[in-house]
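Chain letters run A, B, ... following the sequence lines, proteins first and then strands; every chain starts at 1. None of these values were measured; they are calculated from a predicted model.
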Number of protein chains: 2
Amino acid sequence: MHKPENLKNAGLKSTLPRLKVLQLFETSKERHLSAEDVYKLLVSSGEVVSLATVYRVLTQFQQAGLLMQHHFESGKSVFELNSGEHHDHIVCLQCGHVEEFFDAAIEVRQEKAAVEHDFAIRDHALYIYADCTKKNCSRGSR
Amino acid sequence: MHKPENLKNAGLKSTLPRLKVLQLFETSKERHLSAEDVYKLLVSSGEVVSLATVYRVLTQFQQAGLLMQHHFESGKSVFELNSGEHHDHIVCLQCGHVEEFFDAAIEVRQEKAAVEHDFAIRDHALYIYADCTKKNCSRGSR
DNA sequence: TCGCGAATGATAATTGTTCTCATTTGAGAA
DNA sequence: TTCTCAAATGAGAACAATTATCATTCGCGA
Ligand SMILES: [Mn+2]
Ligand SMILES: [Mn+2]
Ligand SMILES: [Zn+2]
Ligand SMILES: [Zn+2]
């Protein structure tokens with residue numbers, strides 16, 4: 001469970017809070033976590049890390065490329081381990097369940113749209129909001 | 001400049017603040033406006049409407065289908081007149097300039113992605129973040 | 001013209017996030 | 001090992017965007 005290497009070669013010194021947050025993302029059942037999610041999960045597992053530090057660490061990890069940050073409509077941003085493979089998201093409006101997908105044709109057409117409008121594309125966010133079909137849906141989480 | 005009809009058949013009673021906000025969207029040079037934009041534009045044109053009312057009216061208009069609401073990464077949401085024709089957005093990361101585009105192929109593929117994952121699509125948000133090529137770019141607005 | 005429920009203004013409260021600063025920590029020097 | 005000190009953390013204040021509260025005002029039908 002000790003993985004200072006990951007932090008080291010990301011240019012971040014290995015500290016307890018950072019190791020805890022990184023480990024949480026690597027072991028959590030949920031792949032997409034908000035700062036508050038991270039904070040509460042750590043607290044409820046006995047680990048004590050201040051909320052301010054959680055925010056700082058999440059931002060640092062994102063800048064270091066370890067995490068990806070997304071802005072769902074919920075108002076709070078969520079983070080996930082950077083798999084290196086880009087994907088977009090389908091978010092259930094009822095239960096908050098998130099599915100990931102990738103569509104090469106969409107990616108190509110986005111690039112096309114940017115070029116046609118004389119923009120140099122940097123990034124994009126595609127969120128599909130929908131109703132999922134999970135049997136236990138409709139019980140609002142997130 | 002008096003158009004109580006629009007409000008009437010949207011199920012909203014015709015009040016001064018509502019008329020002012022609606023008129024602003026119909027005459028503003030900028031198509032996409034945040035609540036603060038609306039508030040400041042009204043104030044600077046001599047009209048007095050409280051910020052709380054601006055927020056309330058924007059929300060009501062959005063629910064009534066008169067306005068569309070978007071959540072750009074800026075942190076504050078922006079509104080625009082609902083043209084009835086869906087489109088997505090390219091946002092300049094430097095100057096905040098916004099271009100609109102529509103790509104039928106993207107729309108089709110989004111629907112496909114939702115269906116494949118057993119979701120009933122409700123809505124979607126596609127924002128392309130990029131650098132525009134306006135000669136007067138780079139002077140941060142919004 | 002009246003009356004009353006709906007809308008508004010002023011401002012407090014909330015939410016998510018960032019900042020400040022005193023204290024602690026971890027990685028390398030001695 | 002122990003020492004040193006810049007970097008990191010914790011606690012809480014500060015912030016920005018938005019929503020809620022509530023006394024006052026307004027629009028519209030009787
Ligand atoms: Mn994801
Ligand atoms: Mn638009
Ligand atoms: Zn669901
Ligand atoms: Zn620009």
Side-chain angles (χ1 to χ4, degrees), chain A residues 2-22 24 32-43 46-64 66-67 69-79 96 140-142, chain B residues 2-22 24 32-43 46-64 66-67 69-79 96 140-142:
Chain A
H2 247 292
K3 294 188 178 181
E5 328 88 55
N6 298 344
L7 294 177
K8 283 282 172 57
N9 49 30
L12 298 168
K13 87 160 69 164
S14 171
T15 68
L16 233 39
R18 285 173 182 164
L19 289 168
K20 289 176 186 169
V21 170
L22 189 51
L24 178 61
H32 304 87
L33 301 173
S34 69
E36 203 192 352
D37 290 337
V38 170
Y39 177 70
K40 288 187 174 169
L41 283 172
L42 288 179
V43 168
E47 310 289 357
V48 183
V49 178
S50 102
L51 182 56
T53 297
V54 168
Y55 272 103
R56 278 186 294 238
V57 169
L58 290 177
T59 300
Q60 292 158 351
F61 283 6
Q62 184 259 306
Q63 290 168 345
L66 290 174
L67 294 180
Q69 178 172 21
H70 308 291
H71 300 86
F72 296 163
E73 274 190 27
S74 69
K76 48 182 69 170
S77 55
V78 301
F79 297 80
S141 62
R142 199 172 307 294
Chain B
H2 246 292
K3 294 187 178 179
E5 329 87 55
N6 297 345
L7 293 177
K8 283 281 172 55
N9 49 32
L12 298 168
K13 85 162 67 165
S14 171
T15 68
L16 234 39
R18 285 173 183 164
L19 288 168
K20 289 176 186 170
V21 171
L22 189 50
L24 177 62
H32 304 87
L33 302 173
S34 68
E36 202 192 354
D37 290 337
V38 170
Y39 177 70
K40 288 187 174 170
L41 283 171
L42 288 178
V43 168
E47 311 287 357
V48 182
V49 178
S50 100
L51 182 57
T53 298
V54 168
Y55 273 103
R56 277 186 295 238
V57 169
L58 291 177
T59 300
Q60 291 158 351
F61 283 7
Q62 184 260 307
Q63 289 169 344
L66 290 174
L67 295 180
Q69 179 172 22
H70 307 292
H71 300 86
F72 296 162
E73 275 191 25
S74 68
K76 47 182 71 170
S77 56
V78 302
F79 297 79
S141 62
R142 196 173 309 291

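The interatomic distance linking B:Arg18 (CZ) with C:dA6 (C1') rounds to 8 Å, in whole Å. Between the CG atom of B:Leu12 and the C1' atom of D:dC26 there is a distance of 16 Å, rounded to whole Å. Rounded to an integer number of Å, the gap from A:Gln69 CD to C:dT18 P is 8 Å. We find that CG of A:Leu7 is positioned 12 Å from P of C:dG26, with the value rounded to whole Å. Distance CG (B:Leu58) to C1' (C:dT8): 15 Å, rounded to an integer number of Å. Atom pair B:Glu73:CD and D:dA16:C1' shows a separation of 17 Å (rounding to whole Å applied). For A:Glu36 and C:dT17, the CD to P distance is 9 Å, given to the nearest whole Å. One interatomic measurement links the two molecules: NZ of A:Lys13 to C1' of C:dG26, which rounds to 5 Å at whole-angstrom precision.
Applying the 4.0 Å criterion to OP1 and OP2 of D:dT18, one finds that B:Tyr55 has a side-chain N or O inside that range. Residue A:Ser50 has a polar side-chain atom (N or O) positioned under 4.0 Å from OP1 or OP2 of D:dG10. At the phosphate of D:dT9, OP1 or OP2 sits under 4.0 Å from a side-chain N or O atom of A:Thr15. Contact annotation: A:Ser77 side-chain N/O to C:dT17 OP1/OP2 distance is under 4.0 Å. Residue B:Lys76 places at least one side-chain N or O closer than 4.0 Å to OP1 or OP2 of D:dA17.
Contact annotation for B:Arg56: base contact, defined as any heavy-atom pair under 4.0 Å involving a base atom.
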Step by step, work out the side chain to side chain contact (heavy atoms under 4.5 Å, CB included) result for B:Thr59 and B:Arg56. CA-CA 5 Å; B:Thr59 300; B:Arg56 277 186 295 238; 5.9 Å; no
Please walk me through it: do A:Leu33 and A:Tyr39 pass side chain to side chain contact (heavy atoms under 4.5 Å, CB included)? CA-CA 10 Å; A:Leu33 301 173; A:Tyr39 177 70; over 6 Å; no
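B:Phe72 has its side chain out of reach of A:His71: every pair of non-hydrogen atoms, C-beta onward, lies at least 4.5 Å apart. For the pair A:Gln60 and A:Val57, the minimum side-chain heavy-atom distance is below 4.5 Å.
Proximity note for B:Thr53 (side chain, C-beta onward) versus D:dT18, C:dG9, D:dT9: the nearest is C:dG9. Considering only side-chain atoms of B:Thr59, the nucleotide from D:dT19, C:dT17, C:dT8 that sits closest is D:dT19.
Exactly one of B:Thr53, B:Leu66, B:Leu58 qualifies for a side-chain contact (heavy atoms from CB on, under 4.5 Å) with B:Val21. That residue is B:Leu58.
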